[in-house]
Amino acid sequence: MIDAHAHFIPPDVMQWLKDNQKTIDAKWEDRGGKEHLIINGKWPFSLNEPFVNKELFESQQDQANVSHSLVSPLPQLFLYDFPSDITLELATVYNNSLAEQVNQNHERYSALATIPMNDPEQAAIELARAMNLGMKGAIIGVGSSTKLLTDERCQPFWEVADRLGAILFIHPLLHGDERMNQRRMSTLSGVLWETTICATDLVLSGLLDRYTHVKILLAHGGGYFPYQVGRLNRGYEVWESISSELNSQPGDYVNRFWYDSVLWSGDALDYLVKIVGEERVVPGSDFPFELSEWPPRHQNLTGWETLISKNRFHF
């Protein structure tokens, strides 16, 4: 059984967080009997033991018959809102640690890097370095409240990612809209909206026509993007400002992405597979977050084989 969406925090990363807790305003708090980690006053999450205990992580994998995991750093630890030298420092520690974990057990693990997307040129350098260590690509956020991933500043990053045929796992952070600060809507709905904005922009900008070798994996079934692509197609038909930027209608780009199966709904997953094909959907869980689909289901999906196939260039 494969899990293409799992997260882990190696011991070296936990030590870095403790050593630099004042710099990044890291706090460990008890909330309802569970330890939570909060960075810079944002995005608290329950620090479940499998996040930091590799033996427990692996034993729970074994109990769920998960034989291989694509492990990723946590979005809460992207540190995009800090100076890029701090972001890069943690990224370097994180990537070295995960690469070593993979090298110790290739059969059980493959991994994605975290990179300083607040400095796209440095992000390109760290992506190449991490892939030279054997990582498959990177997990990245959707941008910021003012800058999208298609921003001109990101061009050096896209050029390197495309040249390497990197997997880019686009994983949202919690939505910043204050209206979402009730009833856990930021987690339940806001993150999906962030992915939707990002995926729509990647399509409508024409970026996917320019960079055809990068592999983009969208978290949580792609947010709302694949389920409303008919509206994008209609805009393509009506507005020349949309159609002039693209080689084809937006609906033709849905199978340029990969999607994980973290939907908690068989009907939604069936529709996704109907739209994009099972070779573009990978089994995932979001383990060990509280809101995870564990154990991962839908192992009949074939997207893992196409996603994990060899990168375009080798070092």
Side-chain angles (χ1 to χ4, degrees), residues 6-60 69-105 108-141 144 157 169 171-174 176 286-290 292:
H7 302 280
F8 187 71
I9 309 174
D12 288 350
V13 174
M14 287 300 297
Q15 188 61 52
W16 187 94
L17 294 173
K18 293 174 181 177
D19 291 344
N20 294 273
Q21 58 185 296
K22 291 184 178 180
T23 301
I24 62 172
D25 189 22
K27 296 178 181 178
W28 288 258
E29 296 181 358
D30 183 285
R31 297 189 175 189
K34 293 184 178 181
E35 184 180 38
H36 282 67
L37 177 58
I38 308 101
I39 305 294
N40 206 25
K42 299 179 180 179
W43 309 308
F45 68 98
S46 178
L47 195 59
N48 300 327
E49 190 175 354
F51 274 126
V52 296
N53 184 328
K54 187 160 72 75
E55 288 72 24
L56 182 58
F57 184 95
E58 292 180 354
S59 69
Q60 294 198 12
S69 291
L70 178 63
V71 291
S72 300
L74 274 67
Q76 288 90 338
L77 302 181
F78 286 162
L79 303 190
Y80 293 165
D81 50 352
F82 289 92
S84 59
D85 59 333
I86 295 174
T87 314
L88 176 61
E89 184 176 329
L90 177 57
T92 302
V93 172
Y94 218 139
N95 297 339
N96 289 347
S97 296
L98 282 184
E100 179 62 24
Q101 185 170 322
V102 170
N103 289 333
Q104 290 175 356
N105 195 339
R108 184 183 283 272
Y109 294 113
S110 49
L112 298 174
T114 182
I115 54 179
M117 288 301 293
N118 45 353
D119 184 344
E121 291 188 3
Q122 189 62 59
I125 295 171
E126 180 59 17
L127 174 64
R129 189 191 75 86
M131 293 184 68
N132 193 32
L133 295 176
M135 305 183 90
K136 299 297 183 181
I139 180 172
I140 63 174
S144 68
F157 162 74
F169 183 19
H171 195 300
L173 289 165
L174 299 188
D286 218 348
F287 178 78
F289 278 109
E290 286 182 303
S292 64

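The figures here come from the full heavy-atom set of this structure, side chains too, leaving out hydrogens, waters and symmetry mates. All values reported here derive from a predicted model rather than from experimental measurement. Residue numbers start at 1 and run along the sequence shown.
Side-chain atoms of Trp28 and Leu17, non-hydrogen and from C-beta on, do get closer than 4.5 Å to each other.
Evaluation of the side-chain contact (heavy atoms from CB on, under 4.5 Å) rule for Glu89 yields Trp16, Asn20 as partners, not counting sequence neighbours. Looking at residues two or more places apart in sequence or on another chain, you find no ring-ring contact (aromatic ring centres under 6.0 Å, His included) involving Phe82. For Phe78, the ring-ring contact (aromatic ring centres under 6.0 Å, His included) test picks out Tyr80, with sequence neighbours left out. Residues satisfying the ring-ring contact (aromatic ring centres under 6.0 Å, His included) test with Tyr94, not counting sequence neighbours, are none.
The minimum heavy-atom distance between Leu127 and Ala138, with the atom names listed, is CD1-CB, 3.9 Å. Taking every heavy atom of both residues into account, Ala99 and Leu133 meet most closely at CB-CB, 3.8 Å. Across all their heavy atoms, Leu77 and Leu90 have their closest contact at O-CD2, 3.6 Å. Of all heavy-atom pairs spanning Asn95 and Met135, the tightest one is O-SD, 3.8 Å. Shown here for Ser84 and Pro116, the closest heavy-atom pair between the two residues is O-CB, 4.4 Å. In terms of heavy atoms, Ile39 sits closest to Ala26 at CD1-CB, 3.7 Å.
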Evaluate the criterion side chain to side chain contact (heavy atoms under 4.5 Å, CB included) for residue pair Leu98 and Tyr109; output intermediate values, then yes/no. CA-CA 9 Å; Leu98 282 184; Tyr109 294 113; over 6 Å; no
May I have the step-by-step check of side chain to side chain contact (heavy atoms under 4.5 Å, CB included) for Phe157 and Ile140, ending in yes or no? CA-CA 12 Å; Phe157 162 74; Ile140 63 174; 4.2 Å; yes
Going through the distances and angles, do Ser46 and Lys34 end up as a side chain to side chain contact (heavy atoms under 4.5 Å, CB included)? CA-CA 6 Å; Ser46 178; Lys34 293 184 178 181; 3.7 Å; yes
Chi angles and distances behind the side chain to side chain contact (heavy atoms under 4.5 Å, CB included) call for Thr23, Ile86: CA-CA 9 Å; Thr23 301; Ile86 295 174; 3.5 Å; yes
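Using a distance-only test at 3.5 Å, with no hydrogens or angles considered, a donor-acceptor pair links the side chain of Ser97 to the main chain of Val93. The closest donor-acceptor contact from the side chain of Asn132 to the backbone of Ala128 lies at 3.5 Å or more, if one exists at all. Within the 3.5 Å criterion, the main-chain N or O of Leu79 finds a donor-acceptor partner in the side chain of Thr87. Proximity of a side-chain donor or acceptor of Gln104 to a complementary backbone N or O of Gln101 within less than 3.5 Å is not detected.
Atoms NE2 and NE2, from His7 and His171 in turn, are 3.5 Å apart once rounded to the nearest 0.5 Å. Asn40 contributes atom CG, which lies 9.5 Å from atom NZ of Lys27 (distance to the nearest 0.5 angstrom). Atoms CG and OG, from Asp286 and Ser72 in turn, are 9.5 Å apart once rounded to the nearest 0.5 Å. Interatomic distance, CD1 of Ile9 versus CG of Leu47, reported as 5.5 Å (0.5 Å rounding). Distance CG/Asn48 to NE2/His36: 8.0 Å, rounded to 0.5 Å. One distance of note links CG of Leu56 with CD of Glu49; it measures 5.0 Å at 0.5 Å rounding.
Remark: of the listed residues Gln15, Lys22, Gln21, Gln15 is the sole one forming a side-chain hydrogen bond (donor to acceptor under 3.5 Å, both in side chains) with Asp19.
Identified under the salt bridge (Lys or Arg N to Asp or Glu O under 4.0 Å) test for residues 117-128, with sequence neighbours left out: Glu126-Arg129. Applying the salt bridge (Lys or Arg N to Asp or Glu O under 4.0 Å) definition to pairs two or more places apart or across chains, those involving residues 72-84 are Lys42-Asp81.
With respect to the salt-bridge test (charged N to carboxylate O, under 4.0 angstrom), the residues Arg31 and Glu29 qualify.
Not less than 6.0 angstrom separates the ring centroid of Phe51 from the ring centroid of Phe57.
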